[in-house]
Amino acid sequence: MTELNELKLINESNIVYLKKVNANYERNEIIKNILEDEACFFKMSKDDAYLILQDIGILNEEVENTYQKLISFDEFYRLFKCKKIDLNDKEIVIKYPIYNADDVFKN
Amino acid sequence: MNIISSKEQVSRMADGINTILSLPEEEYKMFIKRMWPSESIEELRFFYLTDKCEMPTNPTQIGLEKMHDEDYHFIARGYFGGENFSMHEILEHCKSILNNYPTDSIEYSRISEIIQSRGLEAFKQLYSDKNGFNSQVVDKAFQILLDDDMLSKFLNYNENKEAFEIEGEEISQLDYLKVLGKILGKRNDQGELNLEKRISKDFLIPEFEGIKNRYFQILDNINMDRFSNPKYTFTEVERFDEKIIREGDEPDWAISPEVYQEIFQDMPQDLSLEEKAMYIYCKMCQVFQYDEGYAYKNRLNKVNYESTFSKEHLESLKPGDKVTCYDFARMYAKLINELDGDITAVMILQGINEGHALAGFYTENVSATVEAININSNTDATNDLMKAKNGIKLSGIKPISDRKGILEKAINKVYSQILGEKPKSIKEYIEHLRSTQQEQDVPEDIALRLQSFLEVMKSKQISGNELTQTLWGINKTKWFRNAQLEMAYLGELREDEKRYKRHILLRQKDKEARANPREVYLIDTDTLDFTISSEEEIIAKLNSGELIYERKDHKLPGIDKEEDR
């Protein structure tokens with residue numbers, strides 16, 4: 001399961017829980033909408049990402065580690081290959097260079 | 001084709017060419033006929049009688065080697081080894097020796113014919129025949145690519161139509177573009193034509209560099225994607241396990257009047273074709289729901305759970321109905337194909353067992369796929385049917401060609417018309433988040449937290465080992481860590497299935513934090529049932545053998561069989 005999917009599950013659990021205890025869950029709903037975009041963490045600053053992770057309830061000592069996994073090159077490349085990231089999307093603020101294998105080995 | 005020379009005299013290439021030049025007339029005619037490319041493009045190999053071969057007992061042949069006799073017995077020798085030359089190298093060699101011979105000699109004539117058999121005319125003929133093009137149109141198209149003046153006129157076509165008439169008949173620029181696009185293809189990521197490798201191997205076209213450069217000028221000035229990229233028109237598939245269903249491939253059927261009304265009643269009349277395509281897509285996503293019963297298709301046979309066409313089922317669909325990817329793709333393609341104008345839609349089946357469907361459409365400006373129901377197993381049901389109902393940016397539209405960003409603008413325009421607002425960007429969501437007050441003093445109830453978690457797991461049909469793994473994943477949350485939950489696995493024998501089912505036993509480490517000091521929680525990983533139990537009850541079940549610890553070295557302290565305590 002990807003890091004993002006785990007966050008989605010945790011956030012959804014939070015929504016269910018907050019409803020049960022009659023607490024306001026508006027922020028979690030907004031976060032749910034944000035997380036619908038698999039590339040969302042590549043479209044926000046670190047501060048914003050931290051805000052979301054802390055809102056979801058990630059332990060402080062786990063936030064940085066979680067964040068780094070969410071914006072890793074591997075994740076970027078996976079999203080690129082699945083066409084969930086468009087390199088021309090102006091919303092993307094964290095970008096990695098994607099090389100064509102032929103270019104790399106071209107004389 | 002194999003050319004066999006008796007023995008080495010000069011070099012393999014030179015000796016081979018000399019053998020060709022000395023062929024008896026009948027044999028030479030056969031040779032030159034095979035040199036002209038047709039359905040296959042033959043290679044030329046030069047061998048000597050003294051080369052190694054697989055069938056040494058077959059009779060020796062000098063010249064053009066015959067493979068079979070009149071009775072279709074294999075009579076060739078199966079030579080192997082020796083240097084291999086590309087046709088291009090052979091032709092270059094021919095070109096270099098041409099002027100060694102008098103112009104009225106047989107040798108000069110034959111060498112010229114060999115060069116011609118793989119020159120520009122042969123190339124044009126091959127690709128005309130392959131694509132069924134009018135040879136005069138092809139000739140004219142290549143004139144454009146051979147002459148700067150013609151190219152300039154072509155790029156200002158409307159001012160120069162007469163220059164492109166054939167036998168007094170006007171030919172549209174589109175017709176020439178189709179020919180050029182089909183023959184020369186598109187420019188690849190390296191800025192070259194994919195065709196170049198084939199040309200450099202099998203042909204000798206000295207004019208090719210000029211042809212290519214003029215073609216690139218056309219590509220730079222005119223959107224040729226439709227003609228040069230077969231994926232644009234879905235003539236070529238993206239994956240080997242894709243199948244394209246076009247209008248007319250399946251029986252005709254009628255979309256219900258209720259659906260027509262729902263889709264089109266509010267559609268503005270002044271939309272472009274691309275905007276209409278996006279409007280219909282967004283509206284369909286809003287109007288229909290996803291049939292999650294598809295997940296149970298192995299247990300329940302329904303006609304639209306397979307890729308097979310059912311007129312009865314399709315004609316019964318009404319607004320608000322639950323649909324599968326097949327239903328959506330078929331209906332979308334039909335609605336688009338019914339639009340007036342230069343727009344075409346197809347249905348795309350994916351998977352060896354045709355387990356998934358999406359649609360594609362193209363106009364003169366854009367080509368795209370639309371996938372309302374995404375079955376990517378790494379994500380949840382975050383399909384566009386859900387997004388369109390919640391004002392979230394749609395993600396199922398994937399351009400194949402859209403040079404001017406028409407689709408993005410079209411989506412933004414029609415989406416806001418359908419929803420009354422435009423979809424939010426991530427930035428806007430975050431601004432909204434920051435402006436929303438945080439809930440203070442949320443009570444903590446671990447049992448309720450676990451139940452909430454299990455509810456979500458149930459809705460996602462995550463159970464068994466996957467549930468266990470996901471539970472470890474939420475270990476990084478504050479509520480889980482703060483609760484200091486101890487965890488162990490218990491097995492319960494299922495006699496009927498002859499297997500052990502896993503239960504997860506949880507307990508808060510801190511006794512004082514528990515609602516009840518002896519309270520434990522039990523999760524059935526199959527059914528996802530959550531039970532608040534007591535240490536005594538678990539011990540009793542361990543004593544009776546109803547439950548066993550999965551691992552002897554991993555138990556909850558104080559909770560064990562009497563004899564093991």
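Computed over heavy atoms, backbone and side chain alike; hydrogens, waters and symmetry mates excluded. Lettering follows sequence order; numbering is per chain, from 1.
Other residues, nucleotides and ligands contribute at most 12 non-hydrogen atoms within 6.0 Å of the NZ atom of Lys404(B).
Note: Thr436(B) OG1 to Ile30(A) CD1 = 3.5 Å, rounded to the nearest 0.5 Å. A distance of 11.0 Å separates OG of Ser452(B) from CD1 of Ile15(A), quoted to the nearest 0.5 Å. For the atom pair Glu29(A) CD and Tyr429(B) OH, the distance stands at 10.5 Å (nearest 0.5 Å). To the nearest 0.5 Å, atom CG of residue Asn5(A) and atom NZ of residue Lys460(B) are 9.0 Å apart. The CD1 atom of Ile430(B) sits 8.0 Å away from atom SG of Cys40(A), with the distance rounded to the nearest 0.5 Å. Expressed to the nearest 0.5 Å, how far OG of Ser435(B) lies from CZ of Arg27(A) amounts to 8.5 Å.
The candidate with the highest count of non-hydrogen atom pairs below 4.5 Å against chain A, out of Thr477(B), Leu433(B), Val442(B), Val456(B), is Leu433(B). Heavy-atom pairs under 4.5 Å with chain A were tallied for Glu455(B), Lys427(B), Gln438(B); the largest tally goes to Gln438(B). When each of Asp48(A), Leu7(A), Ile10(A) is checked for heavy-atom pairs under 4.5 Å with chain B, Asp48(A) comes out on top. Contact count versus chain A (heavy atoms, under 4.5 Å) is highest, among Gln469(B), Lys398(B), Arg434(B), for Arg434(B).
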Evaluate Leu59(A) against Phe480(B) for side chain to side chain contact (heavy atoms under 4.5 Å, CB included), listing each step before the verdict.
CA-CA 9 Å; Leu59(A) 275 166; Phe480(B) 196 93; over 6 Å; no
Between Arg449(B) and Asn14(A), does the side chain to side chain contact (heavy atoms under 4.5 Å, CB included) criterion hold? Intermediate values first, please.
CA-CA 8 Å; Arg449(B) 281 275 190 193; Asn14(A) 290 343; 3.1 Å; yes
Side chain to side chain contact (heavy atoms under 4.5 Å, CB included) between Met457(B) and Leu9(A), intermediate numbers included:
CA-CA 8 Å; Met457(B) 294 296 105; Leu9(A) 288 171; 3.5 Å; yes
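Residues from residues 61-72 of chain A that place a non-hydrogen atom less than 4.5 Å from a non-hydrogen atom of chain B comprise Glu61(A), Glu62(A), Thr66(A), given in numerical order.
Neither the backbone nor the side chain of Glu431(B) comes within less than 4.5 Å of any heavy atom in chain A. For Ile34(A), the parts sitting under 4.5 Å from any heavy atom of chain B are the backbone and the side chain alike. Looking at Asp445(B), the atoms closer than 4.5 Å to chain A (heavy atoms on both sides) sit in the backbone and in the side chain alike. Interface residue Asp47(A): backbone and side-chain heavy atoms are both found under 4.5 Å from chain B.
Inter-residue side-chain proximity for Val21(A) and Glu444(B) is flagged as unmet; no heavy-atom pair is nearer than 4.5 Å.
Of the possible polar contacts, none joining the Glu6(A) side chain to the Thr470(B) backbone as a donor-acceptor pair under 3.5 Å is found.
Considering all non-hydrogen atoms of both residues, Ile426(B) and Glu91(A) come closest at N-OE2, 3.0 Å.
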